[in-house]
Trainee: 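This is the structure I want to talk about, given as structure tokens.
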Amino acid sequence: MKMEPLRIWVRNLETKADIRKRILSLRLEQPQEEQNKRSQEIQKRILNNKHFCTSEWIFLYMAYKAEVQTEMLLEQALKMGKRVALPKVEDTTMDFYEIRSKIEVQPGYFGILEPITSDKVKAGQGFMAVPGVAFSKDGYRLGYGKGFYDRYLARFPGIYSCGLAFSCQMLENLPVQKHDRKLDEVVYV
């Protein structure tokens with residue numbers, strides 16, 4: 001079931017903060033049942049993504065504030081024998097740490113589940129599922145404003161980056177700055 005993105009344009013002079021507020025509100029208004037259904041569909045698409053299937057390393061996130069869920073991806077990647085990593089934030093830096101089980105997490109930065117392992121990943125190749133508040137059709141994303149993913153992807157440009165989004169998060173365009181990293185793909189329903 002492919003849903004077309006809402007034809008939402010960034011309004012003239014709308015700031016990133018304005019866009020965040022507007023899209024977060026839209027995302028939170030979705031009924032939980034609809035979020036779950038769409039998350040499942042997005043994850044099924046990712047499981048068939050050639051970059052996901054051929055990568056040794058899978059970089060995931062743990063969903064926060066009605067983001068697209070990733071638990072199915074985590075479970076399947078581990079079953080497939082892939083090396084799985086989750087992000088951990090310390091001060092102003094985000095790094096990924098390898099996990100071998102979905103129970104190797106605890107609440108961390110802003111209460112988001114983070115890995116409890118100390119196995120920092122140094123791999124510069126793999127498939128990364130990237131969260132965000134809003135995404136543009138040309139592959140840019142708007143996060144929560146801390147720049148963690150932009151800085152990480154700048155450090156490891158060999159990672160295939162894939163945004164996961166609900167259709168209400170898809171915009172025609174976004175304000176882009178020099179440090180913003182373009183994603184390789186955005187999968188949405």
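Below, each value reflects all heavy atoms present in this structure, side chains not excepted, and no hydrogens, waters or symmetry copies.
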Trainee: Just so I know, are the side chains of Leu73 and Val84 near enough to count as touching, which here means a heavy-atom distance under 4.5 Å?
Mentor: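 Result no, sub-4.5 Å side-chain heavy-atom pair not found.
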Trainee: Under 3.5 Å, side chain of Ser136 to main-chain N/O of Glu172, donor-acceptor pair present?
Mentor: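 The answer is no, because no donor-acceptor pair under 3.5 Å joins these two groups.
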Trainee: With a 4.5 Å cut-off on side-chain heavy-atom distances among I, L, V, M, F, W and Y, is there a chain of contacts connecting Met80 to Met128?
Mentor: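 The answer is yes; both residues are in one hydrophobic cluster.
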Trainee: Does a donor on one side chain sit under 3.5 Å from an acceptor on the other, for Glu185 and Tyr160?
Mentor: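 Glu185 vs Tyr160: donor-acceptor pair found between side chains.
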Trainee: Do the side chains of Phe166 and Gln35 get nearer than 4.5 Å, heavy atoms only?
Mentor: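 In short, these two side chains touch, coming nearer than 4.5 Å.
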Trainee: Any pair with a residue in residues 72-94 that passes ring-ring contact (aromatic ring centres under 6.0 Å, His included), sequence neighbours left out, goes on the list, sorted by first then second residue, please.
Mentor: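 Output for this query is empty, none listed.
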Trainee: Could you pull out all residues at least two apart from Phe110 that satisfy ring-ring contact (aromatic ring centres under 6.0 Å, His included)?
Mentor: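 Listed in chain order: nothing, the list is empty.
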Trainee: Between Arg141 and Asp180, is the closest basic N to carboxylate O distance under 4.0 Å?
Mentor: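 Result for this pair is no, no salt bridge flagged.
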Trainee: With the side chain counted from C-beta on, respond yes when Lys82 and Gln76 share a heavy-atom pair under 4.5 Å apart, and no when they do not.
Mentor: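 Side-chain contact under 4.5 Å: no.
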Trainee: Taking all non-hydrogen atoms of both residues, which atom of Tyr97 and which atom of Ser118 are closest, and how far apart?
Mentor: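 For Tyr97 and Ser118, the tightest heavy-atom pair comes out as CD2-C, 3.8 Å.
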Trainee: How would you list, by chain and number, every residue that makes a side chain to side chain contact (heavy atoms under 4.5 Å, CB included) with Val89, sequence neighbours excluded?
Mentor: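 Counting only residues at least two positions away or on another chain, Val89 forms a side chain to side chain contact (heavy atoms under 4.5 Å, CB included) with Met94, Tyr109, Glu114, Phe148.
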Trainee: Take Leu47 and Met72, measure what side chain to side chain contact (heavy atoms under 4.5 Å, CB included) needs, and give me the verdict at the end.
Mentor: CA-CA 9 Å; Leu47 289 172; Met72 180 195 306; 3.7 Å; yes
Trainee: Can any side-chain N or O of Ser161 pair as donor or acceptor with the backbone N or O of Asp184 at less than 3.5 Å?
Mentor: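 Yes, Ser161 side chain to Asp184 backbone: donor-acceptor pair under 3.5 Å.
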Trainee: Taking Asn49 for the side chain and Ile46 for the main chain, is one N or O donor matched with an acceptor at less than 3.5 Å?
Mentor: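 Side chain of Asn49 to backbone of Ile46: no pair is present.
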Trainee: Tell me if a side-chain donor or acceptor on Lys88 pairs with a main-chain N or O of Thr117 at a distance below 3.5 Å.
Mentor: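 Side chain of Lys88 to backbone of Thr117: a pair is present.
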Trainee: Please tell me if the side chains of Ile19 and Val133 come closer than 4.5 Å, counting only heavy atoms from C-beta onward.
Mentor: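 No; the side chains remain at least 4.5 Å from each other.
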Trainee: Give me the atom names and distance for the closest heavy-atom approach of Lys146 to Arg151.
Mentor: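 Lys146 and Arg151 have their closest heavy atoms at O-NH1, 2.9 Å.
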Trainee: Just do the side chain to side chain contact (heavy atoms under 4.5 Å, CB included) check on Leu174 and Phe135 with the steps written out, would you?
Mentor: CA-CA 7 Å; Leu174 281 171; Phe135 298 86; 5.5 Å; no
Trainee: Could you check whether any side-chain N or O of Lys102 sits under 3.5 Å from a backbone N or O of Leu78, counting only pairs where one atom can act as donor and the other as acceptor?
Mentor: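 No; judged by distance alone, with no hydrogens or angles, the pair does not exist.
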Trainee: Considering residues at least two apart in sequence or located in another chain, which fulfil the side chain to side chain contact (heavy atoms under 4.5 Å, CB included) criterion with Gln106?
Mentor: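 Listed in chain order: Ile116.
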Trainee: So, are Glu41 and Arg45 salt-bridged, with charged N and O less than 4.0 Å apart?
Mentor: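 Arg45 and Glu41: salt-bridged.
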Trainee: When rounded to the nearest 0.5 angstrom, what is the spacing between CD in Glu71 and CG in Leu113?
Mentor: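 Between atom CD of Glu71 and atom CG of Leu113 there are 8.5 Å.
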Trainee: Measure the CD1-OG1 distance between Ile42 and Thr70 for me, rounded to the nearest 0.5 Å.
Mentor: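 Output value for this atom pair is 11.5 Å.
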Trainee: If you measure from CG on Leu86 to CG on Leu74, what distance do you get to the nearest 0.5 Å?
Mentor: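 Here the rounded value is 6.0 Å.
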Trainee: Under the side-chain hydrogen bond (donor to acceptor under 3.5 Å, both in side chains) rule, what do Asp18 and Thr15 come out as? Steps first, then yes or no, please.
Mentor: CA-CA 5 Å; Asp18 295 334; Thr15 66; 3.1 Å; yes
Trainee: Hey, is Glu29 close enough to Arg27 for a salt bridge, meaning N to O under 4.0 Å?
Mentor: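 Judged by the 4.0 Å cut-off on N to carboxylate O distance, Glu29 and Arg27 do not form a salt bridge.
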Trainee: Please determine whether side-chain hydrogen bond (donor to acceptor under 3.5 Å, both in side chains) holds for the pair Ser167 and Arg38, giving the CA-CA distance in whole Å, both sets of side-chain angles, and the decisive distance to 0.1 Å.
Mentor: CA-CA 9 Å; Ser167 58; Arg38 289 179 181 212; 2.9 Å; yes
Trainee: Which side-chain N or O atoms in residues 120-127 pair as donor and acceptor under 3.5 Å with protein atoms at least two apart or in another chain?
Mentor:
none

Trainee: Heavy-atom count check: over 12 atoms from other residues, nucleotides or ligands less than 6.0 Å from Glu33 CD?
Mentor: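 Counting neighbours around CD of Glu33, 12 or fewer heavy atoms of other residues, nucleotides or ligands fall under 6.0 Å, so no.
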Trainee: Evaluate the side-chain hydrogen bond (donor to acceptor under 3.5 Å, both in side chains) criterion for residues Asn36 and Gln32: first the C-alpha distance (whole Å), next the side-chain angles of each, then the deciding distance (0.1 Å), finally the verdict.
Mentor: CA-CA 6 Å; Asn36 293 342; Gln32 186 64 48; 2.9 Å; yes
Trainee: Which atom pair, heavy atoms only, marks the closest approach of Ala134 to Ile23?
Mentor: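 Reported closest heavy-atom pair: CB-CG1, 4.1 Å.
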Trainee: Looking at side-chain heavy atoms only, is the closest gap between Asp95 and Arg155 below 4.5 Å?
Mentor: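 Yes, at least one pair of side-chain atoms sits under 4.5 Å.
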Trainee: Are Leu183 and Cys162 packed together at the side-chain level, in the sense that at least one heavy-atom pair is separated by less than 4.5 angstrom?
Mentor: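 SC-SC contact between Leu183 and Cys162 ruled out.
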Trainee: Which atoms form the tightest heavy-atom contact between Glu67 and Gly132, and what is the distance?
Mentor: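 Shortest heavy-atom separation between Glu67 and Gly132 comes out as OE2-N, 4.5 Å.
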Trainee: Do side-chain atoms of Gln30 reach the backbone of Leu26 as a donor and acceptor pair under 3.5 angstrom?
Mentor: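 No, the answer is negative, given that no donor and acceptor are paired below the 3.5 Å cut-off.
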Trainee: Using a strict threshold of under 4.0 Å (side-chain N to carboxylate O), is an ion pair present between Lys178 and Asp150?
Mentor: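 Result for this pair is no, no salt bridge flagged.
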Trainee: Between Pro131 and Ala129, which heavy-atom pair has the shortest distance, and what is it?
Mentor: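 That would be CD-O, 3.9 Å.
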Trainee: With a cut-off of 3.5 Å and sequence neighbours excluded, list every side-chain donor-acceptor pair involving residues 55-66.
Mentor:
residue : atom : partner : partner atom : Å
Ser55   : OG   : His51   : O            : 2.6
Tyr61   : OH   : Val68   : O            : 2.8

Trainee: Please round to the nearest 0.5 Å and tell me the distance separating atom CG of Leu142 and atom CD of Gln169.
Mentor: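 These two atoms lie 10.0 Å from each other.
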